[in-house]
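I have placed the structure first, in the form of structure tokens, so that the comments after it can refer back to it.
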Amino acid sequence: MAELVYEIVESIGKFSAEGSAWKKELNLVKWNNNAPKYDLRSWNADHTKMGKGITLTKEEIVALRDLLNSADL
């Protein structure tokens with residue numbers, strides 16, 4: 001199995017904690033030297049381990065933002 005290469009280009013924010021060691025974050029991440037995508041997942045404190053998450057293009061994150069803004073939350 002090939003090694004996963006990633007670089008957190010920009011940390012946008014943390015919004016939830018699972019215990020004390022893991023935090024859910026929204027980051028802009030480069031995966032395997034591809035163009036950066038918005039990434040939502042749990043990370044450990046030093047970003048060496050990650051949980052399952054989702055990646056979104058700029059267009060997808062804008063559509064999600066608009067959807068959430070129009071939702072009655």
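Just so it is clear, the structure is predicted and the values come from calculations on it, not from any experiment.
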About how many Å separate NZ of K23 and CG of N44, when rounded to the nearest 0.5 Å?
10.5 Å
Selection residues 50-73 - residue pairs positive for ring-ring contact (aromatic ring centres under 6.0 Å, His included), sequence neighbours left out
none
For K30 and P36, work out which heavy atoms get closest and say how close.
CG-CG, 3.8 Å
Selection residues 43-73 - residue pairs positive for ring-ring contact (aromatic ring centres under 6.0 Å, His included), sequence neighbours left out:
Y6-W43, W43-H47
List the residues meeting side-chain hydrogen bond (donor to acceptor under 3.5 Å, both in side chains) with D66, not counting sequence neighbours, and say none if there are none.
none
hydrophobic_cluster_shared for L28 and L40, side chain cutoff 4.5 Å
yes
For the CZ atom of R41 and the CD atom of E25, what is their distance to the nearest 0.5 Å?
10.5 Å
Point-to-point distance, once rounded to the nearest 0.5 Å, from CE of M50 to CG of L4
5.0 Å
Non-hydrogen side-chain atoms of V29 and T55 separated by less than 4.5 Å:
no
Taking all non-hydrogen atoms of both residues into account, name the closest pair between D39 and W31 and its distance.
OD1-CZ2, 3.4 Å
Taking the side chain as C-beta and beyond, is there a heavy-atom pair between Y38 and L64 under 4.5 Å?
no
Same apolar cluster: F15 and L68, side chain cutoff 4.5 Å:
yes
Atom of N27, atom of I12 and distance for their closest heavy-atom approach
OD1-N, 3.8 Å
Mind listing the closest non-hydrogen atom pair of E3 and N32 along with its distance?
O-OD1, 4.0 Å
